[in-house]
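Worksheet: the structure to be examined is printed underneath.
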Amino acid sequence: MAHSSLTDRDRRSVWHPYAPPEAEPLFGVARVEGVRLTLEDGRELVDGMSSWWAVIHGYRHPAIEAALKRQLETLPHVMFGGLTHEPAVGLSERLLELAPEGLSRVFLSDSGSVSVEIAIKLALQFWQARKRPERNRLLTVRGGYHGDTFAAMSVCDPVTGMHHLFSGLLAQQLFAERPVCRFEQTCEPHHTRDLETLLAEHASEIAAVILEPVVQGAGGMWFYAPGYLRRVRELCDEYGVLLIHDEIATGFGRTGKMFACEWAGVSPDIMCVGKALTGGVMSLAATLATEEVCDAVAMSESGAIAHGPTFMGNPLACAAALASLDLLEREPWQERVRSIEAQLREELAPCAALRSVADVRTLGAIGVVELHEPVDMAVVQPAFVEAGVWVRPFGRLVYVMPPYITSSSDLSLLTRAIHEVVSRHT
Ligand SMILES: *Cc1c(COP(=O)(O)O)cnc(C)c1O
């Protein structure tokens with residue numbers, strides 16, 4: 001059977017993310033279209049994951065494909081050192097128009113983790129230029145996730161961040177308590193006390209605070225109060241440290257705002273975006289910085305940012321990103337995200353009554369059912385496929401973040417499958 005042969009070949013020769021080669025059930029995908037994945041054996045699944053936050057307009061969107069085809073025929077790739085091109089310049093201009101106030105320059109890179117490395121380098125170079133090289137540590141909050149490369153790993157949650165194997169080798173950063181105030185709550189002074197204490201004690205060695213605004217993604221799928229984010233901005237200003245927002249998961253509408261920091265009305269000094277930037281067809285990320293950060297880097301020893309990926313500013317990826325941003329401009333994504341949110345809230349609510357469920361929460365086009373115990377993927381993953389949906393739990397978290405174009409009936413398929421699988425198999 002073609003199906004078994006693909007997965008068998010895979011098991012002999014390929015690694016998958018965070019999984020031993022033979023650990024889990026594996027499914028071959030033959031085609032994708034709209035919100036559906038077609039498996040090798042012909043089964044169709046409604047996608048609840050947007051391929052990890054990325055495919056916000058659905059798969060194979062004609063406008064993005066047309067842009068890619070046009071770009072392929074003129075300039076698929078060229079090095080970015082000493083050369084420039086319309087897709088990279090056009091995209092950078094568009095990102096700066098959309099971005100929170102104050103951000104004024106863009107560094108394009110290949111993936112989210114790399115954009116975080118660049119953000120950290122910018123913060124370190126900023127303080128070197130200001131003759132304060134001892135300000136070289138980062139302060140973050142527990143429960144965060146910022147990527148899998150070494151500097152990014154150093155600011156992931158030390159427990160849920162999946163990187164404890166390397167803990168002895170990572171830069172020793174400062175971790176404040178997870179923001180415990182829920183999205184709907186008011187942020188009280190005691191909620192930020194731990195962060196404030198760390199800032200007060202270590203300000204002279206801190207380069208920047210880094211966190212995911214409002215939604216902590218892979219570190220726990222947790223939504224916290226915008227007031228917390230406002231307080232962090234105030235504290236960063238008070239103690240004179242830079243603020244880095246990692247909007248790689250939250251950017252481009254997922255939480256109901258273009259960027260999650262808009263819930264709090266604050267701007268960072270440095271911002272990372274990735275994931276949904278190209279609408280999910282190409283790997284691309286960007287690090288944005290304020291004029292103040294750019295000026296400091298310009299005054300640093302070399303005057304240059306110390307980074308330069310081979311595929312920087314890849315024109316195909318930039319063309320896809322421009323097409324995706326055009327779609328966001330043209331299409332009523334706010335309305336769609338709002339109605340997905342309302343439906344997820346209503347239809348996931350009954351999960352709260354299930355014995356295995358600890359919490360149910362929804363924000364924008366993100367729905368989370370948190371369990372008391374981790375799921376058994378060997379049982380749960382095939383059960384979701386049997387139910388006709390692609391939902392991929394992570395530890396104690398069963399969650400969906402569907403493409404914005406998901407219809408109400410497809411969304412119901414997802415929420416019904418979650419209720420059924422959680423009640424039967426957890
Ligand atoms: C996914 C993610 C990253 C890492 O992005 P990659 O493209 O996987 O390297 C960083 N930060 C956040 C918040 C993410 O969700």
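Just so you know, ligand 1 is whichever comes first in the structure, and atom 1 is the first atom listed for that ligand. What you see is a predicted model, and the numbers here were worked out from it, not measured in a lab. Both backbone and side-chain heavy atoms feed into the values below; hydrogens, waters and symmetry mates do not.
A donor-acceptor contact closer than 3.5 angstrom is absent between the side chains of Glu33 and Thr38.
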Compile the donor-acceptor pairs under 3.5 Å between side chains in residues 56-68 and protein atoms, sequence neighbours left out, one pair per line.
from  : atom 1 : to     : atom 2 : distance (Å)
His57 : NE2    : Ser324 : O      : 3.3
His57 : NE2    : Ser324 : OG     : 2.8
Tyr59 : OH     : Asp47  : OD2    : 2.8
Tyr59 : OH     : Ser51  : OG     : 2.7
Arg60 : NE     : Glu65  : OE2    : 2.9
Arg60 : NH2    : Glu65  : OE1    : 3.0
His61 : ND1    : Ala63  : N      : 3.1

Atom pairs and distances, donor-acceptor, side-chain atoms in residues 89-97, under 3.5 Å, two or more places apart:
from  : atom 1 : to     : atom 2 : distance (Å)
Ser92 : OG     : Ala88  : O      : 2.8
Arg94 : NH1    : Asp326 : OD1    : 3.0
Arg94 : NH2    : Asp326 : OD1    : 3.1
Arg94 : NH2    : Glu329 : OE1    : 3.4

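Here salt bridge (charged side-chain N to carboxylate O under 4.0 Å, His left out) pairs that include residues 279-294, with residues two or more places apart or in two chains, are Arg130-Glu292.
A donor-acceptor contact shorter than 3.5 Å links the side chain of Gln216 to the backbone of Arg142. At least one donor-acceptor pair under 3.5 Å links the side chain of Gln125 to the backbone N or O of Ala306.
Listed by chain and number, residues touching ligand 1 at under 4.0 Å (heavy atoms only) are Ser111, Gly112, Ser113, Tyr145, His146, Gly147, Glu212, Asp246, Ile248, Ala249, Lys275.
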